[in-house]
Amino acid sequence: MNDTAPVMRELIKTCSNMYRLGWNERNGGNISLIIDQEEAARYLDTTVSLGNFNFQFDASELAGRIFAVTRTGSYFKNVETDPEHNLGIIKINPDGKSASLLWGFSGGGRPTSELSSHLCSHIVRLRQDKNHRVVTHCHAANTLAMTFIHSLDDRSFTRTLWRMITECIVVFPEGVGVLPWMLCGNDEIGQATAEKMKEYRICIWAQHGIFAAGASLDEAFGLIETVEKAAEIYIKIMNSKILQSITDSELKAVAETFGLDYRKDFLD
Ligand code: 2HA
Ligand code: ZN
């Protein structure tokens with residue numbers, strides 16, 4: 001494999017875009033992306049293991065799957081200039097408890113500290129959508145700010161976001177899931193995130209950031225962009241006297257005009 005493979009070029013470009021949008025400061029955030037077997041085999045020998053990583057949770061549903069993942073501690077800012085150090089390609093072993101390194105992590109290192117949340121979310125999203133491919137995590141500021149001042153239940157958080165931009169309900173008609181503050185980097189938050197991913201492609205971690213899933217990097221990235229922009233509008237207007245807003249019946253009209261399968265119980 002090398003960083004000229006189209007899938008790797010797109011991953012690298014996404015890391016740079018996320019960094020420039022201010023979503024991934026320092027070593028904040030991580031991405032994992034499923035690479036289809038045939039595509040991976042065009043660029044590397046998928047049978048040669050350069051190293052092994054163990055984990056606690058059971059990822060046997062993903063056995064044989066190949067992922068590009070960010071390295072733990074890597075800076076999104078630096079992925080573009082040194083992809084082979086900051087990214088790795090791993091293959092989940094048949095035991096479901098370990099992965100083999102196929103490429104990358106040059107100079108040492110291991111997959112993202114949030115591997116549990118990533119792999120558990122991939123398992124759940126693949127059950128929902130066989131075309132699912134991407135999980136990405138970032139620390140987008142307005143969404144994070146909103147978790148300090150807004151109630152954290154899924155319905156109420158979703159309703160506020162939907163009302164900020166007419167097209168929010170089109171982009172995420174299923175709504176967003178929100179978790180209270182939890183310790184990160186472990187299997188407990190991984191399980192809790194995956195539980196939300198049964199219903200949503202977006203899981204917000206209060207006072208921490210966003211997890212987004214999609215069939216492509218564009219889809220996951222676009223979800224974060226839209227949620228973050230809606231949150232930005234909320235933060236801009238929250239202390240102002242609101243003269244007009246989008247009503248529930250107007251949201252319903254948008255959803256029905258676009259023929260969306262939306263969370264009807266999230267509207268009054
Ligand atoms: O440092 O964002 O959640 C990477 C992270 C952990
Ligand atoms: Zn984080």
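When a ligand or atom number is given, it counts from 1 through the structure's own listing order. Everything quoted here is computed from the prediction, not taken from an experiment.
For the pair K236 and Y234, the cation-pi criterion (under 6.0 Å, within 45° of the ring axis) is not fulfilled.
Counting only heavy atoms from C-beta outward, the side chains of H139 and H137 approach each other to under 4.5 Å.
Around the OH atom of Y19, the shell of radius 6.0 Å holds no more than 12 heavy atoms that belong to other residues, nucleotides or ligands.
Sorted by first and then second residue, the side-chain hydrogen bond (donor to acceptor under 3.5 Å, both in side chains) pairs with a member in residues 86-95 read N52-N93, R71-N86, N93-S98, N93-S100, D95-S98; sequence neighbours excluded.
Qualifying side-chain contact (heavy atoms from CB on, under 4.5 Å) partners for T147, counting only residues two or more places apart in sequence or in other chains: L152, F157, I204, A206, Q207.
We find that E195 and K198 are joined by a salt bridge, their nearest charged nitrogen and carboxylate oxygen being less than 4.0 Å apart. Look at D265 and R263 and you find a salt bridge, because one of the NZ, NE, NH1 or NH2 atoms lies within 4.0 Å of a carboxylate O, short of that distance. A salt bridge between K13 and E80 is absent, with no side-chain N of the basic residue lying under 4.0 Å from a carboxylate O of the acidic one.
Across T112, T136, N30, a single residue satisfies side chain to side chain donor-acceptor pair (under 3.5 Å) together with H118, and that is N30.
Distances under 2.8 Å from the Zn ion (ligand 2) pick out the protein N/O/S atoms H137 NE2, H139 NE2, H208 NE2.
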Kindly print each ligand 1 N/O atom paired with any protein N/O atom under 3.5 angstrom away, one pair per line, or none if nothing qualifies.
from     : atom 1 : to   : atom 2 : distance (Å)
ligand 1 : 1 (O)  : N27  : O      : 3.1
ligand 1 : 2 (O)  : G29  : N      : 2.8
ligand 1 : 2 (O)  : H137 : NE2    : 3.3
ligand 1 : 2 (O)  : H139 : NE2    : 2.9
ligand 1 : 3 (O)  : E114 : OE2    : 2.6
ligand 1 : 3 (O)  : H137 : NE2    : 3.3
ligand 1 : 3 (O)  : H208 : NE2    : 3.0

